[in-house]
2 protein chains.
Amino acid sequence: MELRHLRYFVAVADAGNVSRAAQRLHITQPALTRQIQDLEREFASRLFDRIGRRIILTRDGEEILERTRRLLADAEALGERARALAGGEAGVLRIGAVPQFIEAVLPEVLTGYALTFPGIDVELVEDGGGLLLRRLQQGELHLAVG
Amino acid sequence: MELRHLRYFVAVADAGNVSRAAQRLHITQPALTRQIQDLEREFASRLFDRIGRRIILTRDGEEILERTRRLLADAEALGERARALAGGEAGVLRIGAVPQFIEAVLPEVLTGYALTFPGIDVELVEDGGGLLLRRLQQGELHLAVG
DNA sequence: TAATATTACGTATTACGTAAAGATT
DNA sequence: AATCTTTACGTAATACGTAATATTA
């Protein structure tokens, strides 16, 4: 089973017949018929009843269709999420700082930051042992905001 | 994006390197590398950091991985559900009957039925107008239980 | 007869395998 | 040197298109 099979299944169900679905998918009827058959073989289930030249969802097909819609929506969301993370539209900004800095400076900065980039989650890491401070002083680390 | 890409992605993440993942998938390393690259192109995102001959999940990759696991589990569940419906291991048994029959006979029958077939949901339809009864008497309908 | 679905079969896309190169421990 | 990843390229699997058949309104 691949997402293609599921996309085709939904297209046929939405179109009500194979021909129109094939047009929308920009493939031919036989190709689409074959993919639907493959899916039915894998599911060991008739998703559609063939009555004459009509093709109607079976009761099982109706349930599978709803679940399939949800899965495809989730798959779409997964891709969107990945692209958002990559594009910097979403993600986590991790900031390590000494407590004084966290209390004195970060609040106002992050307030504006959060307003500007609503998709970004901010995570603060307190620098209890002073390790970060030391490395900052030694130039091993740099703190950039914005 | 196809499920294959996602399955391969999880396999590489689980194995920790491409070679072992390829062995488990029964394909070769180059083929697997290519599919991972394709997925990264589609996501416009580096899922793994290549450090020398090492391949480690990026922070984005970790998040995508978890979402991908869930999606694949859902996809698996979809297939299982479809096969269960087809095999009669799950589904809905719709019974239409006159009120007297529902009250007098069905309770005990369905109690045993539900115990025997836990995956089946039972739905009762009352026969208010007596239409079902008439059609049963005329032999147009048959009621089978079990 | 017009419209739709299926079957049969050839073609084209693409996933895969093999060979070679690059990179790191 | 050994191990792993990547690139290049030929092969094989398969999704797709074309042609023909079947069925029905």
Side-chain angles (χ1 to χ4, degrees), chain A residues 1-62 64-65 68 71-72 75 79 86, chain B residues 1-62 64-65 68 71-72 75 79 86:
Chain A
M1 174 178 66
E2 294 295 339
L3 290 178
R4 179 186 55 257
H5 296 114
L6 302 180
R7 297 191 188 103
Y8 286 4
F9 169 43
V10 171
V12 172
D14 285 346
N17 66 47
V18 181
S19 308
R20 218 173 327 159
Q23 287 179 350
R24 295 182 189 172
L25 294 169
H26 303 105
I27 62 174
T28 57
Q29 294 171 23
L32 185 50
T33 292
R34 180 61 180 275
Q35 294 297 313
I36 297 296
Q37 289 173 341
D38 288 349
L39 184 61
E40 289 183 313
R41 276 221 323 274
E42 172 147 3
F43 283 173
S45 168
R46 283 203 342 283
L47 298 171
F48 297 95
D49 274 327
R50 278 76 168 178
I51 302 179
R53 70 193 191 196
R54 212 167 211 79
I55 185 170
I56 339 179
L57 275 173
T58 61
R59 216 174 283 279
D60 287 356
E62 289 179 18
I64 298 300
L65 174 64
T68 298
L71 188 78
L72 288 177
Chain B
M1 175 178 64
E2 294 295 338
L3 290 179
R4 180 186 54 256
H5 296 114
L6 303 180
R7 296 190 188 104
Y8 286 4
F9 169 44
V10 171
V12 172
D14 285 346
N17 66 47
V18 182
S19 308
R20 217 173 327 159
Q23 287 178 350
R24 296 182 188 172
L25 294 169
H26 303 105
I27 63 174
T28 57
Q29 296 171 23
L32 184 51
T33 291
R34 180 61 181 275
Q35 293 299 313
I36 297 296
Q37 289 173 342
D38 288 348
L39 184 61
E40 289 183 313
R41 275 222 324 274
E42 171 147 4
F43 283 173
S45 168
R46 283 203 342 283
L47 299 171
F48 297 96
D49 274 328
R50 278 77 166 177
I51 302 180
R53 70 193 192 197
R54 214 167 209 78
I55 185 170
I56 344 178
L57 275 173
T58 62
R59 217 174 281 282
D60 287 357
E62 288 180 18
I64 299 300
L65 174 64
T68 299
L71 188 77
L72 287 177

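Every heavy atom of this structure was used, including side-chain atoms; hydrogens, water molecules and symmetry mates were not. The structure presented is a predicted model; accordingly, all values stated were derived computationally and were not measured. Naming convention: chains lettered A, B, ... in sequence-line order (proteins, then strands); numbering from 1 in each chain.
- Put simply, the side chain of B:Thr58 gets close to the backbone of B:Leu47: a donor and an acceptor are under 3.5 Å apart.
- Distance B:Gln29 CD to D:dA8 C1': 16 Å, rounded to the nearest Å.
- What separates CD1 of B:Ile55 from P of C:dT24 is a distance of 14 Å, to the nearest Å.
- Not a single side chain to side chain donor-acceptor pair (under 3.5 Å) links B:Arg53 to another residue, sequence neighbours left out.
- For A:Phe43, the ring-ring contact (aromatic ring centres under 6.0 Å, His included) criterion is met by no residue, not counting sequence neighbours.
- Against DNA chain C, the stretch residues 2-22 of chain B makes heavy-atom approaches under 4.0 Å through B:Arg4, B:Tyr8.
- For A:Glu42 and D:dA15, the CD to P distance is 11 Å, given to the nearest whole Å.
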Under 4.0 Å protein heavy-atom contacts per nucleotide of nucleotides 20-25 of chain D, with B for base, S for backbone only and - for none: ----BS
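- With sequence neighbours left out, the side chain to side chain donor-acceptor pair (under 3.5 Å) criterion links B:Asn17 to no other residue.
- A:Tyr8 is linked by a ring-ring contact (aromatic ring centres under 6.0 Å, His included) to nothing, counting only residues two or more places apart in sequence or in another chain.
- Rounded to an integer number of Å, the gap from CZ of B:Arg46 to P of D:dT5 is 16 Å.
- For the pair A:Thr68 and A:Leu72, the minimum side-chain heavy-atom distance is below 4.5 Å.
- Following rounding to the nearest Å, B:His26 (NE2) and C:dA15 (C1') show an atom-to-atom distance of 17 Å.
- Enclosure of atom CZ in A:Arg50 by more than 12 non-hydrogen atoms of other residues, nucleotides or ligands within 6.0 angstrom is indicated.
- A:Gln35 places none of its side-chain heavy atoms less than 4.5 Å from the side chain of A:Leu39.
- Qualifying side chain to side chain contact (heavy atoms under 4.5 Å, CB included) partners for B:Glu62, counting only residues two or more places apart in sequence or in other chains: B:Leu57.
- For the contact set between residues 31-38 of chain A and DNA chain C, defined by any heavy atom under 4.0 Å, the members are A:Thr33, A:Gln37.
- In this structure, the side chains of A:Ile64 and A:Phe9 come closer than 4.5 Å at one or more pairs of heavy atoms.
- As rounded to whole Å, 11 Å separates atom P of C:dT7 from atom CD of A:Glu40.
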Name the atoms and distances for all side-chain donor-acceptor pairs under 3.5 Å in residues 22-30 of chain A, with sequence neighbours left out.
| unit_1 | atom_1 | unit_2 | atom_2 | d |
| --- | --- | --- | --- | --- |
| A:His26 | ND1 | A:Arg24 | O | 3.4 |
| A:Gln29 | NE2 | A:Ser19 | OG | 3.0 |

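- Axis orientation changes by 30° from one end of the helix from C:dT1-D:dA25 to C:dT25-D:dA1 to the other, with each end axis drawn from 5 pairs and the value rounded to 10°.
- When the P atom of D:dT14 is taken as reference, atom CZ of A:Arg41 falls 11 Å away, rounded to whole Å.
- Applying the side chain to side chain donor-acceptor pair (under 3.5 Å) criterion to A:Arg20, with sequence neighbours excluded, gives no partner residue.
- Residues satisfying the salt bridge (charged side-chain N to carboxylate O under 4.0 Å, His left out) criterion with B:Arg7, sequence neighbours excluded, are A:Glu2.
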